[in-house]
There are 2 protein chains.
Amino acid sequence: MRTLKYAILGLINREAMTGYDLSKVFNKDLVNFWYANHSQIYPELKKLTAEGLITYEIVLQGEKLEKKLYSITDIGQQDLFAWLATIDPLEPTPKDIFRLKAFFMESLPAQTILDHFESQLSQRLEKVAKLENTMSTQACNLKKSSKISPEFCDYLVLKGAIMREKTYISWLKECIAEIGESS
Amino acid sequence: MRTLKYAILGLINREAMTGYDLSKVFNKDLVNFWYANHSQIYPELKKLTAEGLITYEIVLQGEKLEKKLYSITDIGQQDLFAWLATIDPLEPTPKDIFRLKAFFMESLPAQTILDHFESQLSQRLEKVAKLENTMSTQACNLKKSSKISPEFCDYLVLKGAIMREKTYISWLKECIAEIGESS
DNA sequence: TATAAACATGTATATATTGACATGTATATA
DNA sequence: TATATACATGTCAATATATACATGTTTATA
């Protein structure tokens, strides 16, 4: 479905960027719903350039270091907007290795099962703490923008990520409680 | 990471199955956290057989139709249990095309944005209704098994799936409300 | 008894993704 | 000024996944 294509177009549409910049954004701002390695990004940039959806100019960093600053073309923008406007059917539920393991865990000793859930719980607690920290640091710039803006979208998806993590945590706690009762 | 391998081993460990059976189970019981097409399953079964982790016997269905009934070997079970016992670091957050689109949506007219969220909301409401129906139909067999059992695991992951969907729905509703305020 | 739906098993091709390999520059700091 | 870290761009090989192609049997039902 070329989702990476649109993720890149969407970012470059916001602001001209290098492949390196894209890589950073994917693994920071977008990491809660999309990500990609640089080994995927650079070939895709090449492809999008060949397709005429983006162009680049070479910018010098220091004396010698050349970086490619990509911007979106008119065709690229049309393509992006057409994709954005399309309403999709529901995606398949995301895969989740922990849930898969949990599904089969019954063959393990009760204490090992609890260890799994406790480990997952502490990792998720740490993660949600980081997300909430981001939210409180950025909340001023984000929510107060009372019009629909990039910052407003940042805020909405960050809120969604926090809600998702908190629910995962609630589930883990309920599982731990029920396993305690059952064993 | 060969997750499909362990998904298959886990299922065959519960009960001997054909590739066709596995395909059905993936797209019914496991669909809320794992799935695979038959075009992935059959080659993997071949590979696992070659690796000595499973074996099959040919069973006749009617007069001519041969099906392969797979069972797990001792080595397969050891491999499965070793995987089950391993505690993993947190997986990267699952990708989500709708959230990605939402992140870039700000360039669209407010009404189109709302249409996206409303469509997603009604699709998710339908989905959670189905999940809750499954839960109420199967709840008797599931929860009442007061010991840790396959049915108990089924119950736990189904509950998790319902919680996840409900949170997605809450997020969508909050987004719709906030977009209403902002536009 | 014709027919559709479900059962049953594969392969082929294209795309997506990961992790390793490979190279070199610029900048901050010890 | 040595050194580590971040900046910057690529390729390659292996794995994973999706979609289409391909074939044949059995069972329920109209």
Side-chain angles (χ1 to χ4, degrees), chain A residues 1-8 12 16-28 30-31 33-51 54 56-70 88-97 100, chain B residues 1-8 12 16-28 30-31 33-51 54 56-70 88-97 100:
Chain A
M1 278 179 313
R2 310 264 336 249
T3 312
L4 178 61
K5 162 182 163 179
Y6 293 106
I8 291 175
I12 293 181
M17 280 190 196
T18 66
Y20 192 82
D21 293 333
L22 284 167
S23 197
K24 274 193 302 180
V25 174
F26 273 123
N27 298 292
K28 264 188 196 151
L30 299 203
V31 78
F33 47 92
W34 205 266
Y35 49 86
N37 295 325
H38 77 272
S39 59
Q40 220 185 331
I41 293 169
Y42 288 115
E44 188 66 31
L45 285 170
K46 211 175 208 175
K47 195 173 179 186
L48 294 177
T49 306
E51 291 171 332
I54 56 177
Y56 65 87
E57 55 169 334
I58 288 176
V59 175
L60 273 180
Q61 180 82 359
E63 288 279 291
K64 302 182 196 170
L65 188 60
E66 294 187 342
K67 49 183 190 178
K68 293 181 180 170
L69 192 63
Y70 288 92
D88 309 304
L90 228 51
E91 282 186 88
T93 313
K95 293 178 174 182
D96 183 330
I97 299 178
L100 178 68
Chain B
M1 278 181 314
R2 310 266 331 252
T3 312
L4 178 61
K5 163 183 163 178
Y6 293 106
I8 290 176
I12 293 181
M17 280 188 194
T18 67
Y20 192 82
D21 294 333
L22 284 167
S23 196
K24 274 193 303 181
V25 174
F26 273 122
N27 299 293
K28 262 188 198 153
L30 299 203
V31 79
F33 48 91
W34 204 266
Y35 49 85
N37 296 323
H38 76 273
S39 60
Q40 221 186 330
I41 293 169
Y42 288 114
E44 188 66 33
L45 285 171
K46 210 174 207 177
K47 196 174 178 185
L48 294 177
T49 306
E51 291 171 331
I54 55 177
Y56 64 89
E57 54 169 334
I58 288 176
V59 174
L60 274 180
Q61 180 81 0
E63 286 280 293
K64 300 184 198 170
L65 186 60
E66 294 188 342
K67 49 183 189 178
K68 294 179 179 172
L69 192 63
Y70 289 91
D88 309 303
L90 228 52
E91 282 186 89
T93 313
K95 293 180 175 179
D96 184 329
I97 298 178
L100 178 67

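Residue numbering restarts at 1 for every chain, and letters A, B, ... go by the order of the sequence lines.
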Nearest to the side chain of A:Y70 - D:dT17, D:dG10, C:dC7?
D:dG10
Closer than 4.0 Å, any side-chain N/O of A:T3 to the OP1 or OP2 of C:dA16?
no
Output all residues satisfying salt bridge (charged side-chain N to carboxylate O under 4.0 Å, His left out) with B:D21, sequence neighbours left out; order by chain, then residue number.
none
Over all atoms of both residues, closest heavy-atom pair of A:I97 and B:E91:
N-OE2, 2.8 Å
Output the rounded distance in Å from CD1 (B:I97) to C1' (D:dA18).
13 Å
Does A:T18 make a side-chain N or O approach to OP1 or OP2 of D:dT9 shorter than 4.0 Å?
yes
Given atom NZ of A:K68 and atom C1' of C:dG24, what is their separation to the nearest angstrom?
15 Å
Would you mind building the protein contact string for nucleotides 25-30 of chain D? One character per nucleotide, 5' to 3', B for base within reach (heavy atoms under 4.0 Å), S for sugar-phosphate only, - for untouched.
SS----
Taking a pair as Watson-Crick (N1 to N3 plus N6-O4 or O6-N4) or G-U wobble (N1-O2 and O6-N3), both under 3.5 Å, which stems of 3 or more consecutive pairs involve DNA chain C?
C:1-30 with D:1-30
Provide the closest heavy-atom pair for B:L30 versus A:L100 in the form atom of the first, atom of the second, distance.
CD1-CD1, 4.2 Å
Using salt bridge (charged side-chain N to carboxylate O under 4.0 Å, His left out) as the criterion, list what pairs up with A:K95, not counting sequence neighbours.
none
Looking at residues at least two apart in the chain, or sitting in another chain, which of them share a side-chain contact (heavy atoms from CB on, under 4.5 Å) with B:P94?
A:P94, A:R164
Identify, with sequence neighbours excluded, every residue that meets side chain to side chain donor-acceptor pair (under 3.5 Å) alongside B:Y6.
B:D79
A:Y20 side chain N/O closer than 4.0 Å to the phosphate oxygens (OP1, OP2) of D:dC7?
yes
Round to a whole Å and report the spacing from NZ of B:K95 to C1' of D:dA16.
12 Å
What pairs with A:Y35 under ring pair (Phe, Tyr, Trp, His ring centres under 6.0 Å), at least two apart in sequence or on another chain?
none
Counting only heavy atoms and a strict 4.0 angstrom limit, can you tell me which residues of residues 38-47 of chain A come near DNA chain C?
A:S39, A:Q40
Taking for each residue the nucleotide of DNA chain C bearing the nearest heavy atom, is the 5' side occupied by B:K24 or by A:A36?
B:K24
How would you label the contact of B:Y56 with the nucleic acid (heavy atoms, under 4.0 Å): base, sugar-phosphate, or nothing?
nothing
Determine the contact category for B:K5: base if any of its heavy atoms lies under 4.0 Å from a base atom, sugar-phosphate if only primed atoms, P, OP1 or OP2 are that close, otherwise nothing.
nothing
Whole-Å gap separating P (C:dT25) and CD1 (A:I58):
16 Å
Pairing residues for B:N37 by the side chain to side chain donor-acceptor pair (under 3.5 Å) criterion, not counting sequence neighbours
none
Interatomic distance where CE belongs to A:M17 and P belongs to D:dT9 [whole Å]:
13 Å
Any residue meeting side chain to side chain donor-acceptor pair (under 3.5 Å) with A:K67, in chain and number order, not counting sequence neighbours:
A:Q61
Results of ring pair (Phe, Tyr, Trp, His ring centres under 6.0 Å) for B:Y56 - residues two or more places apart only:
B:Y70
From CG of A:L4 across to C1' of C:dT18 the rounded distance in Å is 13 Å
So side-chain hydrogen bond (donor to acceptor under 3.5 Å, both in side chains) across residues 38-47 of chain B, not counting sequence neighbours, yields B:R2-B:E44
Donor-acceptor under 3.5 Å (B:T49 side chain, B:L45 main chain)
yes
In this structure, how many angstroms lie between the C1' atom of D:dA8 and the CG atom of A:L69, rounded?
13 Å
B:N37 CG - C:dA12 C1' separation (whole Å):
14 Å
